[in-house]
2 protein chains.
Amino acid sequence: MFIRLDFESDEPIYTQLIHQIIEGIAKKNLSPGDPLPSVRAMAADIGINLHTVNKAYQHLKQEGFILIHRQKGVVIHPDGVAKADAAYMKQVQKKLRPFVAESICRQVSEEEFLKQCQELFNEFKEEGEKK
Amino acid sequence: MFIRLDFESDEPIYTQLIHQIIEGIAKKNLSPGDPLPSVRAMAADIGINLHTVNKAYQHLKQEGFILIHRQKGVVIHPDGVAKADAAYMKQVQKKLRPFVAESICRQVSEEEFLKQCQELFNEFKEEGEKK
DNA sequence: TAACTGTTATACATATAATATAACAGATAA
DNA sequence: TTATCTGTTATATTATATGTATAACAGTTA
């Protein structure tokens, strides 16, 4: 797999795994219907416990990124991920809030902050176009 | 004080306190040199433990938002907060990354995402101009 | 039958979060 | 000089989160 974990990070392993898979979808390395390794295979592959992988999968399932068929295994959600609604955008703002506040304290201009976001969008877009 | 905590949130109390104070600085409700309540006064005021407040203050101190004089008490850093450097901006990008990735999965356009950031900047700016 | 799937249960170790007391050294005000 | 307030430190306890380790179960597939 394409998973890269940082075991020195403060960020929990299962959270890193969640983010990696979501990034994979954003970059279109993973497309609707694509299979993911079984919890045991993934765990063995990246050298962590089965339950840590399962925890990540359950989160991804609950948020609609993947489907878990008891028979067919784990796949990227065939219908695609649910589109953002007003509630989701509000949640995004809430999470971005502390970063904006601290940036203002550190005299980061609005333009410079937006540039950081744009760079990230470009990064995902370019990766997506390689496919 | 102007502190509002959500005891139902997943976000730890001391982290919420940190963010509230940083927001206060961003909105210029708190200016360089302004005093903050003692750990005991703050704790009693918002109904939490002294050590939880102390933990927040220590973080704010380490990141240069406040100064702690053994005599004079706690004050917003008189010299202002250190300006963002390249390392800080890199760190910001790293933290924004998961939000951008998930937004892309949910078909949030770059323009819409940037709009959310702009709204936050405007919110802080307007609050700051009230003073 | 054997090997695989997700799932569940139990147990354990460790770290973090939050609270509860208590005490210490230094400054300040009555 | 007391008394009170300051930040700081220490210790203990409780609860929750994280991660690992086994084991088992029900269902599918080769």
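Protein chains get the first letters and strands the later ones, always in sequence-line order, with residue 1 at the start of each.
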Q: Can you tell me if Asn54(B) touches the phosphate of dT8(D), counting only side-chain N or O atoms and a distance under 4.0 Å to OP1 or OP2?
A: yes
Q: Checking the side chain of Ser38(A) only, and the main-chain atoms of Ala41(A) only, is there a donor and an acceptor separated by less than 3.5 Å?
A: yes
Q: Check whether any side-chain N or O of Tyr14(B) sits under 4.0 Å from OP1 or OP2 of dA17(C), and answer yes or no.
A: yes
Q: To the nearest Å, how far apart are Leu50(B) CG and dT6(D) C1'?
A: 11 Å
Q: Verify, without hydrogens or angle tests, whether Gln16(A) (side chain) and Glu11(A) (backbone) share a donor-acceptor contact under 3.5 angstrom.
A: yes
Q: Please determine whether a side-chain nitrogen of the Lys or Arg among Glu102(A) and Arg106(A) lies less than 4.0 Å from a carboxylate oxygen of the Asp or Glu.
A: yes
Q: Expressed as a whole number of angstroms, how long is the span from Glu11(A):CD to dT18(D):C1'?
A: 13 Å
Q: Can you measure Asp10(A) atom CG to dT14(C) atom C1' for me and round it to whole angstrom units?
A: 15 Å
Q: Please determine whether a side-chain nitrogen or oxygen atom of Thr52(A) lies at a distance below 4.0 Å from atom OP1 or OP2 of dT20(D).
A: yes
Q: Could you give the CG-to-P distance, from Leu60(B) to dG7(D), as a whole number of Å?
A: 14 Å
Q: If you compare every side-chain N and O of Ser38(B) against the phosphate oxygens of dT6(D) (OP1, OP2), does one of them come in below 4.0 Å?
A: yes
Q: Any side-chain heavy atom of Ile68(B) sitting closer than 4.5 Å to one from Gln58(B)?
A: yes
Q: Which is it for Phe65(B) and His77(B) under the ring pair (Phe, Tyr, Trp, His ring centres under 6.0 Å) test, yes or no, and what are the steps along the way?
A: CA-CA 6 Å; Phe65(B) 289 95; His77(B) 204 302; 9.6 Å; no
Q: Considering only side-chain heavy atoms of Ile48(A), which listed nucleotide, dT20(D), dT8(C), dG7(D), is closest?
A: dT20(D)
Q: Looking at Lys55(B), I'd like to know whether one of its side-chain N or O atoms comes within less than 4.0 Å of OP1 or OP2 on dA18(C).
A: no
Q: Expressed as a whole number of angstroms, how long is the span from Leu17(A):CG to dT18(D):C1'?
A: 14 Å
Q: Can you check the Gln62(A) CD to dT7(C) P distance for me, whole Å?
A: 12 Å
Q: Do Arg40(B) and dT8(D) share a donor-acceptor pair, side chain to base, under 3.5 Å?
A: yes
Q: Counting distance alone, no hydrogens or angles: does the base of dA9(C) have a donor or acceptor under 3.5 Å from a partner atom on the side chain of His51(A)?
A: yes
Q: Quick one: His59(B) NE2 to dA17(C) C1', roughly how many Å, whole number?
A: 11 Å
Q: Need to verify one output field. Residue with the more 5' nearest nucleotide on DNA chain D, Val74(B) or Ile13(A)?
A: Val74(B)
Q: Check the distance between dA17(D)'s C1' and Ile18(A)'s CD1 and give it to me in whole angstrom.
A: 14 Å
Q: Under 4.0 Å: is that the gap between some side-chain N or O of Gln58(B) and OP1 or OP2 of dT8(D)?
A: yes
